[in-house]
Number of protein chains: 2
Amino acid sequence: MNRFKDLLTRSGVKLTHQRMEIYCEVMRASDHPDAETVYKRVRKRIPTISLDTVYRTIWLLMDLVLITTLDYPRERMRFDANMTPHHHFICASCGIVRDFYSEQFDNLKIPDTVKMLGSVERTQVELRGLCSNCTKRKVG
Amino acid sequence: MNRFKDLLTRSGVKLTHQRMEIYCEVMRASDHPDAETVYKRVRKRIPTISLDTVYRTIWLLMDLVLITTLDYPRERMRFDANMTPHHHFICASCGIVRDFYSEQFDNLKIPDTVKMLGSVERTQVELRGLCSNCTKRKVG
DNA sequence: CTACATGCAAAGGGTTTGCACGACA
DNA sequence: TGTCGTGCAAACCCTTTGCATGTAG
């Protein structure tokens with residue numbers, strides 16, 4: 001929590017109680033809540049908070065790398081007709097997604113802790129980073 | 001393509017040229033297009049096609065497990081303040097996402113083919129299947 | 001004090017739906 | 001020929017934005 005305050009201050013961003021409550025709420029949650037859910041929960045403590053403050057704060061926290069999205073970079077839905085086992089390299093900057101193949105990744109040993117959660121039908125590895133194009137662009 | 005026709009017929013679904021073109025287009029694409037992009041491309045061959053037919057066909061193809069989404073199950077955006085390395089178990093039926101930890105998965109050896117695509121900063125494994133709740137529900 | 005954050009309400013944009021017409025089987 | 005699929009346009013819903021007010025630093 002102190003780390004949170006420091007980071008906000010050092011980033012030149014104001015420390016409001018809305019921001020603190022929203023961050024706490026997402027931290028506390030283990031169910032990967034959506035914006036609406038965060039909003040409802042935070043409203044128990046700050047009844048006057050608005051949904052758009054939740055959104056604005058969430059994007060702020062993402063810029064500060066304090067939280068992430070479960071989904072791919074903020075985008076519309078994208079589709080894939082490649083139904084053979086494959087994996088994804090995702091560029092964090094431009095959002096491009098490249099398929100790649102790896103027998104090693106196709107056959108990962110499923111941890112016992114996961115077997116208790118349910119049955120696994122598909123294994124997919126996601127590697128995130130900077131694609132070579134975006135790397136060049138940042139250097140140049 | 002014959003497999004496609006068979007599957008549609010066996011599913012009691014009509015084989016229209018719109019459906020064929022949309023499936024072909026998603027098959028052919030290697031860039032994980034969104035609905036709008038598929039729409040634009042298919043329109044070159046069927047100028048009168050409409051965007052909502054693209055959407056309806058895409059959901060149909062997903063039900064037939066002929067294509068997938070890059071994203072998590074059709075949903076709103078969800079957030080995660082767990083910034084320590086972790087992985088996800090996703091239930092294909094109810095959409096619940098459970099975190100789990102695995103040092104093996106944290107330290108996967110990156111294939112050389114990926115190193116040529118760009119630099120990897122984060123490795124995350126996604127295991128999809130049926131959670132124990134949904135398994136029970138289907139059996140019961 | 002002053003710039004930045006918030007709340008409200010309205011706009012935006014991707015996706016879905018109702019309905020009448022058209023086309024596969 | 002009957003049923004299902006399509007196109008159109010409007011509805012829907014999540015998310016974003018503009019603006020006046022409030023507040024942290």
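Below, read A as the first sequence line, B as the second, and so on, with proteins coming before strands; counting in each chain starts at 1.
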Peer 1: Starting at CZ of A/Arg43 and ending at C1' of C/dC8, how long is that distance when rounded to a whole Å?
Peer 2: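 About 14 Å, once rounded to whole Å.
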
Peer 1: Can you pull out the residues from residues 26-35 of chain A that lie within a 4.0 Å heavy-atom distance of DNA chain C?
Peer 2: none

Peer 1: Please write out which residues are connected to B/Met83 in a hydrophobic cluster, directly or through intermediates, given that two of Ile, Leu, Val, Met, Phe, Trp, Tyr count as joined at side-chain heavy-atom separations below 4.5 angstrom.
Peer 2: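 Taking Ile, Leu, Val, Met, Phe, Trp and Tyr as members, B/Met83 shares its hydrophobic cluster with A/Val65.
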
Peer 1: Name the closest nucleotide to the A/Asp52 side chain, picking from C/dT17, D/dT17, C/dT6.
Peer 2: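 Among C/dT17, D/dT17, C/dT6, the one nearest the side chain of A/Asp52 is D/dT17.
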
Peer 1: Using a strict 4.0 Å threshold on nitrogen-to-oxygen distance, state whether B/Lys115 and B/Asp112 make a salt bridge.
Peer 2: yes

Peer 1: Take atom CG of B/Leu60 and atom C1' of D/dC4, then tell me their distance rounded to the nearest Å.
Peer 2: 12 Å

Peer 1: Between C/dA23 and B/Gln18, is there an OP1 or OP2 to side-chain N/O distance shorter than 4.0 Å?
Peer 2: no

Peer 1: Please tell me if B/Arg19 has a side-chain N or O lying less than 4.0 Å from either OP1 or OP2 of C/dC24.
Peer 2: no

Peer 1: Rounded off to whole Å, could you give me the CZ-to-C1' distance for the B/Arg78 and D/dC14 pair?
Peer 2: 15 Å

Peer 1: Applying salt bridge (charged side-chain N to carboxylate O under 4.0 Å, His left out), can you list everything that pairs with B/Lys40, at least two apart in sequence or on another chain?
Peer 2: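 Per chain and number, B/Lys40 pairs via salt bridge (charged side-chain N to carboxylate O under 4.0 Å, His left out) with no residue.
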
Peer 1: Specify the separation, in whole Å, of atom CD of A/Glu21 and atom P of C/dT6.
Peer 2: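 Going from CD in A/Glu21 over to P in C/dT6 covers 13 Å.
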
Peer 1: May I ask you to list the residues sharing a hydrophobic cluster with B/Val125, side-chain cutoff 4.5 Å, ordered by chain and number?
Peer 2: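 Besides B/Val125, the cluster holds A/Phe89, A/Phe100, A/Phe105, A/Leu108, A/Ile110, A/Val114, A/Leu117, A/Val120, A/Val125, A/Leu127, B/Phe89, B/Phe100, B/Phe105, B/Leu108, B/Ile110, B/Val114, B/Leu117, B/Val120, B/Leu127.
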
Peer 1: According to salt bridge (charged side-chain N to carboxylate O under 4.0 Å, His left out), who are the partners of B/Arg98, at least two apart in sequence or on a separate chain?
Peer 2: none

Peer 1: D/dC4 P sits how many Å from B/Asp63 CG, rounded?
Peer 2: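 Going from CG in B/Asp63 over to P in D/dC4 covers 16 Å.
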
Peer 1: Closest nucleotide of DNA chain D for B/Phe79 versus for B/Gly12: which of these residues is on the 5' side?
Peer 2: B/Gly12

Peer 1: So, OP1 or OP2 of D/dT6: does either fall under 4.0 Å of a side-chain N or O from B/Thr53?
Peer 2: no

Peer 1: At a cut-off of 3.5 Å, list every protein nitrogen or oxygen paired with a nitrogen or oxygen from nucleotides 10-14 of chain C, distance to 0.1 Å.
Peer 2:
| residue | atom | partner | partner atom | Å |
| --- | --- | --- | --- | --- |
| C/dG14 | OP1 | A/Arg76 | NH2 | 2.5 |

Peer 1: Roughly how many Å is it from CG in B/Leu8 to C1' in C/dA25, rounded to a whole number?
Peer 2: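 Whole-Å distance recorded here is 13 Å.
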
Peer 1: Are any non-hydrogen side-chain atoms of A/Arg41 and A/Glu21 less than 4.5 angstrom apart?
Peer 2: no

Peer 1: Check salt bridge (charged side-chain N to carboxylate O under 4.0 Å, His left out) between B/Asp106 and all other residues, then give those that pass, not counting sequence neighbours.
Peer 2: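 Scan of B/Asp106 (salt bridge (charged side-chain N to carboxylate O under 4.0 Å, His left out), adjacent residues dropped) gives none.
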
Peer 1: Identify all pairs in which a protein N or O lies below 3.5 Å from an N or O of nucleotides 19-25 of chain D, and state each distance.
Peer 2:
| residue | atom | partner | partner atom | Å |
| --- | --- | --- | --- | --- |
| D/dA24 | N3 | A/Lys14 | NZ | 3.4 |
| D/dG25 | OP1 | A/Leu15 | N | 3.2 |

Peer 1: Residues two or more places apart in sequence or in another chain: which of them pass salt bridge (charged side-chain N to carboxylate O under 4.0 Å, His left out) with B/Asp99?
Peer 2: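 Per chain and number, B/Asp99 pairs via salt bridge (charged side-chain N to carboxylate O under 4.0 Å, His left out) with no residue.
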
Peer 1: Quick one: B/Ile58 CD1 to D/dG5 P, roughly how many Å, whole number?
Peer 2: 16 Å

Peer 1: In terms of the angle between their ring planes, are B/His86 and B/Tyr101 parallel, tilted or perpendicular, with boundaries placed at 30° and 60°?
Peer 2: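 Tilted.
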
Peer 1: Between C/dA5, D/dT16, C/dG7, which nucleotide gets closest to the side-chain atoms of A/Thr48?
Peer 2: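 Closest nucleotide to the A/Thr48 side chain: C/dG7.
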
Peer 1: Listed by chain and number, what are the side chain to side chain contact (heavy atoms under 4.5 Å, CB included) partners of A/Thr48, not counting sequence neighbours?
Peer 2: A/Ile46

Peer 1: Within this structure, what is the CD1-to-P distance between B/Ile46 and C/dC24, rounded to whole angstrom?
Peer 2: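 Those two atoms, CD1 and P, are 11 Å apart.
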
Peer 1: Quick one: list whatever passes side chain to side chain donor-acceptor pair (under 3.5 Å) with B/Arg137, sequence neighbours left out.
Peer 2: none

Peer 1: What donor-acceptor contacts under 3.5 angstrom involve side-chain atoms of residues 7-16 of chain B, with partners at least two apart or in another chain?
Peer 2:
| residue | atom | partner | partner atom | Å |
| --- | --- | --- | --- | --- |
| B/Thr9 | OG1 | B/Lys5 | O | 2.7 |
| B/Ser11 | OG | B/Leu7 | O | 2.6 |
| B/Thr16 | OG1 | B/Arg19 | N | 3.2 |

